[in-house]
Amino acid sequence: MAVLPDLSVDIGGLKLKNPVITASGTFGYGTELTPFFDPSLLGAIIVKGLSLKPIPGNPPPRIAETPCGLLNAIGLANIGIQAFIEEKLPMLTKIEAPVITNIYGHTVKEYADLAKKIEKVEGIAAIEINISCPNVEKGGMAFGTDPDTAAMVTGQVVSNTTKPVVVKLTPNVTDITTIARAVESAGAQAISVTNAILGMAVDVTTRRPKLANIVGGLSGPAIKPIALYLVHKVVAAVRIPVIGLGGIMDYRDALEFLLVGARAIQVGTANFVNPKTAIEIVHGLTDFCSREKISNINQIIGGLKTI
Amino acid sequence: MAVLPDLSVDIGGLKLKNPVITASGTFGYGTELTPFFDPSLLGAIIVKGLSLKPIPGNPPPRIAETPCGLLNAIGLANIGIQAFIEEKLPMLTKIEAPVITNIYGHTVKEYADLAKKIEKVEGIAAIEINISCPNVEKGGMAFGTDPDTAAMVTGQVVSNTTKPVVVKLTPNVTDITTIARAVESAGAQAISVTNAILGMAVDVTTRRPKLANIVGGLSGPAIKPIALYLVHKVVAAVRIPVIGLGGIMDYRDALEFLLVGARAIQVGTANFVNPKTAIEIVHGLTDFCSREKISNINQIIGGLKTI
Amino acid sequence: MVEETVALKSNQQIGTNIWLMEFRSTLLASHAKPGQFLMVHLGERTKDPLLRRPFSIHGIQDGDKVMILYNVVGAGTSLLSALKEHDIISVIGPLGNGFTLPRPSEKAILVGGGTGLAPLFFLAQVLQKDQRNTVTLFLGFPTSQEVVRIQQLKDLGVNLSLTTEDGSLGIKGVVTDLLDQRLSNKGTTKPVIYACGPPPMLKTVAQKATTLSLRSYVSLEGYMACGLGICLGCAVKAAHGETKPYYYVCQDGPVFPSGMIDWEVL
Amino acid sequence: MVEETVALKSNQQIGTNIWLMEFRSTLLASHAKPGQFLMVHLGERTKDPLLRRPFSIHGIQDGDKVMILYNVVGAGTSLLSALKEHDIISVIGPLGNGFTLPRPSEKAILVGGGTGLAPLFFLAQVLQKDQRNTVTLFLGFPTSQEVVRIQQLKDLGVNLSLTTEDGSLGIKGVVTDLLDQRLSNKGTTKPVIYACGPPPMLKTVAQKATTLSLRSYVSLEGYMACGLGICLGCAVKAAHGETKPYYYVCQDGPVFPSGMIDWEVL
Ligand SMILES: Cc1cc2nc3c(=O)[nH]c(=O)nc-3n(C[C@H](O)[C@H](O)[C@H](O)COP(=O)(O)OP(=O)(O)OC[C@H]3O[C@@H](n4cnc5c(N)ncnc54)[C@H](O)[C@@H]3O)c2cc1C
Ligand SMILES: Cc1cc2nc3c(=O)[nH]c(=O)nc-3n(C[C@H](O)[C@H](O)[C@H](O)COP(=O)(O)OP(=O)(O)OC[C@H]3O[C@@H](n4cnc5c(N)ncnc54)[C@H](O)[C@@H]3O)c2cc1C
Ligand SMILES: Cc1cc2nc3c(=O)[nH]c(=O)nc-3n(C[C@H](O)[C@H](O)[C@H](O)COP(=O)(O)O)c2cc1C
Ligand SMILES: Cc1cc2nc3c(=O)[nH]c(=O)nc-3n(C[C@H](O)[C@H](O)[C@H](O)COP(=O)(O)O)c2cc1C
Ligand code: FES
Ligand code: FES
C-alpha cells in the first residue's frame, strides 16, 4: 500500500498533524462533537471566544439564515476564562490535538490580562486573538479596523505569553494588508483570515430586524469568495503563516484556501450543517494528495497557477 | 375596485413612478430585455457603465458562480460614451422611463469630461458615478475607498452637469459613512449602495483562479445581508436619498431595503436569472401595498421597527 | 446522538401544507423519547437553505419506523416536501431532553396547537402504552383543512377533543378554551399539562398552570443553527430567579417546565 | 425569444451521467433552429446554484416536443436530473444564432465529441428532412458507456461512424481521426463541417478546416450568466484581424465559422 501523504504543517512554531482546525464559536468548548468523531484526529481545536468575566450574550433571536449564509449575533456569550480553565480544560487535555483559546476583550488591558491568565495554564497550545470586537475605549469601532490599535492589542498579548499568538483579522476594512502588517510587526506568529462580515436581515412580515441585535456577522458559503480574496491579499503582504477560513464546507473548499497560500484552514459554520465536516476534510485532503501523488501538503500550499 | 397604491418616489429631484431601477451592467444598454417586458413600466433604467473611449474588457473567463453569488470581472467592457449616444440612445428615448447613465473614469478629469459630454445630451435623466474603479493616478486603489478622492470625483461631475448626480459607493471600505458624507458634501443628489464586493474563486482541478482577472466583484443573494447593513448605515449618515441594491431577487428582498430606508432599489444579478425580475418586483410591491392597505410607498420607506 | 443516512419510506401530503415523512432507523427508534427532535439535512444538491431543520419525532411505529410531521412554511420545508420514496437524507438525533413523563398517579393533559401536535403524538403513543391513565388530548387548528392524524390518534385510544377557529370542525374557538373548561372542573386530581404550539398559546397555558399551581411542560421552537449546543444560537430568556440568564432550547430543552421561561419576552 | 414555464414530459437517464429531458412547447418547437440553445432555470426551491444553465436544443419531435440531452457534471445538472415528469421548469429560448445550413450543393459532415452530440442531432434531423444529401456524422466518446442516441440517429438515416478512446465500441481512437480519414479521401466535393465538443477537439477541427480551406462551423460552450447579451460574461477572443476584440457566445454564437475564433487562447 502507498505511504500516506504528510499533511503536517507548522503555524508559527505550532506543529499540526494536518491543516484542519475548528473555528472559534462553532465547535463549542471542544468536546461537544465527540459523538461524531474523535477530535484528536484534527490539526487543532479553537474553542469558543473567552473573556475575563462570563458573558450572558445577546437576547434572541441570535441567528438568522440568509442565502447560503448564516447571520449571528451571539454576543460572544461564554462562561469566562476562569470557568473554562476549571470546568472545560480538564476534559480537553485528553484530546491529542493542540487546543487554542480564542480571546477577546473590551479594552487593551483585558487582552493583556487574558494572556497572563492563559500563560500560566498547561494544555493550551496557542492563543488566537479576536480583534473584531468593539473597542469600548475608542467609541466602539472594532480593534481590528485600525492598524495601531490592532498592533497594540497584539503587542500586549505577545509580551504576556510565551505561547504562539495568532491574530484573527476582521474583513470589514478598506485595506486588510495594513492591519496584517501591523500585527505581524507587533509580534504575531500567525494570522487568521477571516472573521464574519457585518450584515443584517429584515423580516418583512413583522418589519423587524431578524436579529435582536439588528447587526450580526455573516458566515458560511456565501462569504467564501470574499474570504478567499482576503487570504490571497494577506498571504502576499506578510511572511508569517496565514490560516484561511470563511465558508469552507468540504475538502475542495479547503484546497482553494491552501492553493492561494493558507498554511492551514478553519471550519466554522459547516460544523453546524454537518458535524463531521472537519474530519471529512482531513480524509478528503489525504485522498486528494494520494490520488494526485502529492507526498506533502506543503506542495499544494500557495500552488495557485496565475499565468 | 380599490385605488392603486402610489409607488412614486423622488430621488434627488428625479421623479420615478416606482422605486424599481435596473442596475448598471446587468441590463445591457436598456432595450435588450424588451422581449420580456416593457421597460417603460420601470422606475428608471441604468445602463452599462460608460467610459470616454470604448473598452474591450477582460479576457475570459469573466464570470464564475459561487454559492448564491456571481463573481464577475467583465473589465467594464463598453462601447464608449460617443457610440452609446449615437447608436443606443435613440432607441432608449422611446422608453418612457428615465434613463440614467453609469460612468467611470481612470482619472478625475475623465469623470469631468464624461459629465460634460452627457450634459449636452437630451434623453439622459441623471448620472450615476461608479467610484469602485481603480484610480490610475493614485496607485490603483479605487476612487471610492478614500473620502477626499470620492468627493473630488463627485464635485467634478456635479459642477459639469445640471442633471441629478447619484454616487454609487463601493462596499470595500472600513467605514462607508465617511465616504457617504464626503460625496454628500460634494454635492451628490443621491447615493447608491452597493457595488459588488471583491472576491475570488479557484478551480481546484486546474489550480487556476476561476477568473482570468483573478479578482472579481461578488454580487447576488450571497451579498444581500452585507448590502442591507451598508444601506442601513448610510441612511443614518446622510440626508440625501439612498438607493439600495445587492442581491435583490424578489419584492420581499426589495421591501427589506425599503424598510431600512432605501428610497428606491436596483435589480442587478437577478436580471440574469429571471429577466422579468424588475417588473415582477413592481407588481409585487403594488400587490403588497394593496394587501396591507398602504396607499403610498413612502409609508414603508424607513419603516423598520427596532424597538 | 447519532448521524444517520436514511432512505425515505414515504413522504406524503396529508393536509393543507402538512406532510408526513417516514423512514426506518432501529437506532433512532430505540433511543428516542417523546419530545426529542431530529436535525434534518435538506439534501446534498444545494447549499441554500444552508442549515439543517429541527423537527420533533412525531412517533415510532413497527419498532423501527420514525415519523416526522411537518408544515411546509418556507424554503427548507418546501425542499423536504419534494423528496420522494427512496430519496436519501441525513438526520441527527435524538436531540434534546424530551418530556418528563407523569408519575403513575398523575393524569396527563396534552395541548397542541397546529403542528404542535407533532411531538404530542409520540408522547400519547408512549403514555397510552403504559395504560395507566387515559391521555386527554386537546388539539386546536385554524380550520378543518389543517386537521390531520385524527384517526391514528383515536386508534391510540386517547381522549380527544378538537377546536377550530372557524368552527369548521370540533368546537369553535382556540384550544386553550378546552383547557379552561377542563381545569374549571375541580372534581378530578391535579393533571400535568404538556403543551406544544405557537408561543402565544404556550404563554396562555403557562399562565393557567401558574395560577392553578399545576405542573406544566412546554415544548419550544427556537431558531436553531446546530441543534447540538455548539452555536449558542437558540437562547431563550430564563424566568427571573433562575440560575442562568438564558436557556438553550436544543440542550436545556426543547421541553421546559413552563415556570423556567420568561414569557414576557418570548 | 420567450420565457416559458413548461411541465416535463420525461427526464430519464440514458447513459453514464447522461440524461434526456423532454417537454412540450409549440412556441419553442416552431421557432427553434439547430444550434440554438435554451437557458434552463433550476427550480424555484433554491438559489444555489443561482444561474440558469445553457443547453442546446437536442431535437424537436412530434411537432411540439423539445428535447435536451445533458451530462450531469455538477450541482446544476444534478438538480436537473432530480426533476420528474410533471415537474415545472422555466426555459428561455430559442437563443443564439444556430448553424448556417449548407447550400443544396454541399455535403455536411457533423463531428461530435461526447455530449457535443446534443445540437448535432437536431441539425441531422433538419438536414435529413431536406433529403438533399445524406448527412455524415462522426461521433467520439471516451468509452461505450457514454454512447447514447445511436438507434435514433440511425432511424434518421444518417451515415454514422463511431470512435471510443478505449475501443470498446466503434473504432478505437478520437473522432477527429475519422475526419482525417474522410478528408484525405480527395474524390468527393468539398464538405462543410459542423462540430461540437470539447475545445481541444474543436481546435483540431478548425485547424484541419483552415489547412484544407473548408468551411467549418463550431458550436462553443462559454461560461454564461445570462444568455441574453446583457452581462458580457461569455466573451471569446476573436481571431486576429476580426473587427471586434471579443465575440459573445450567447449573441454572436454559439455557432462560429471556425476562422473567427482565436484558438490560441481558447
Ligand atoms: C425543537 C424543534 C422542533 C420542531 N418540530 C417541528 C415539527 O415537528 N414539525 C414542524 O412542522 N415544525 C417543527 N419545528 C419548526 C420547524 O423547524 C420550522 O418550521 C422549519 O425549520 C422551517 O423551515 P423553512 O425553511 O421551511 O422555513 P423558513 O424559510 O426558515 O422560515 C419560514 C417561516 O417560519 C419561521 N421559522 C423558521 N424556523 C423557525 C423556528 N425554528 N421557530 C419558529 N419559527 C420559525 C420563519 O421566521 C419564517 O416566518 C420545530 C422547531 C424546533 C426548534
Ligand atoms: C451554448 C451552450 C450549450 C450547451 N449545451 C449543452 C448540452 O446540450 N448538453 C450538456 O450536457 N451541456 C451543454 N452545455 C454545457 C452546460 O451548460 C454545462 O455543463 C452546465 O451548465 C454545467 O452545470 P453544472 O451546475 O452541472 O456544473 P458546474 O458545477 O457549474 O460545473 C461543473 C464543471 O463543468 C464546468 N462547466 C460548467 N459550465 C460550463 C460551461 N458553460 N462550459 C464549459 N464548462 C463548464 C465547470 O468548470 C466544472 O468543471 C452547453 C453550454 C453552452 C454555453
Ligand atoms: C455562531 C458563531 C459564533 C462565533 N463565535 C466566534 C468567537 O467567539 N470568536 C471568534 O473569533 N469568531 C467567532 N465566530 C466566527 C467564526 O470563527 C468564523 O470566523 C466565521 O464564522 C467565518 O467562518 P465560516 O464561514 O467557516 O463560519 C463565530 C461564528 C459563528 C457562526
Ligand atoms: C456582470 C456585471 C456587470 C456589472 N457592471 C457594472 C458597471 O458597469 N457599473 C457599475 O456601477 N456596476 C456594475 N455592476 C455592479 C451592479 O450594478 C451591482 O452594483 C452589483 O451587481 C450588486 O447588485 P446585485 O447583487 O443585485 O447584482 C455589474 C455587476 C455585474 C454582475
Ligand atoms: S441550536 Fe446551536 S446551541 Fe442550540
Ligand atoms: S451570457 Fe451574458 S452576455 Fe452572453
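Computed from a predicted model, the values in this text were never measured in an experiment.
- Only the side chain of F36(B) comes within contact range of chain D, with heavy atoms under 4.5 Å apart.
- Within 6.0 Å of NZ in K94(B) there are 12 or fewer heavy atoms belonging to other residues, nucleotides or ligands.
- Counting heavy atoms from C-beta outward, C226(D) and N271(B) have side chains that stay 4.5 Å or more apart.
- When all heavy atoms are compared, the tightest approach of Y248(D) to P56(B) is OH-O, 4.2 Å.
- Only the backbone of V2(D) comes within less than 4.5 Å of a heavy atom of chain B; no side-chain atom from C-beta onward does.
- For R52(D) against V273(B), the heavy-atom pair with the smallest separation is NE-O, 2.5 Å.
- Side-chain contact between L33(B) and L228(D) is present, with at least one heavy-atom pair separated by less than 4.5 Å.
- Looking at L42(D), there are no atoms closer than 4.5 Å to chain B (heavy atoms on both sides), in backbone or side chain.
- Ranked by heavy-atom pairs under 4.5 Å with chain D, the list A73(B), P59(B), G220(B), P35(B) is led by P59(B).
- Listed in order of number, the residues of residues 234-246 of chain D that approach chain B to under 4.5 Å between heavy atoms are A235(D), V236(D), P245(D), Y246(D).
- You'll find the side chain of I230(D) stays beyond 4.5 Å of the side chain of K48(B), heavy atoms only.
- In terms of modelled atom types and a separation under 3.5 Å, the side chain of E3(D) and the main chain of P275(B) share no donor-acceptor contact.
- The number of heavy-atom neighbours closer than 6.0 Å to CD of E96(B), taken from other residues, nucleotides and ligands shown, is 12 or below.
- Atom CG of N72(B) sits about 8.5 Å away from atom SG of C231(D), to the nearest 0.5 Å.
- Comparing G222(D), G227(D), A225(D) by how many heavy-atom pairs each has under 4.5 Å with chain B, the most go to A225(D).
- Closest non-hydrogen pair, L51(D) versus E65(B), comes out as N-OE2, 3.3 Å.
- Interatomic distance, CG of N58(B) versus CG of L232(D), reported as 11.5 Å (0.5 Å rounding).
- With a 4.5 Å cut-off on side-chain heavy atoms, L50(D) and P221(B) count as touching.
- At a 4.5 Å heavy-atom cutoff, the contact between M224(D) and chain B is made by backbone atoms alone.
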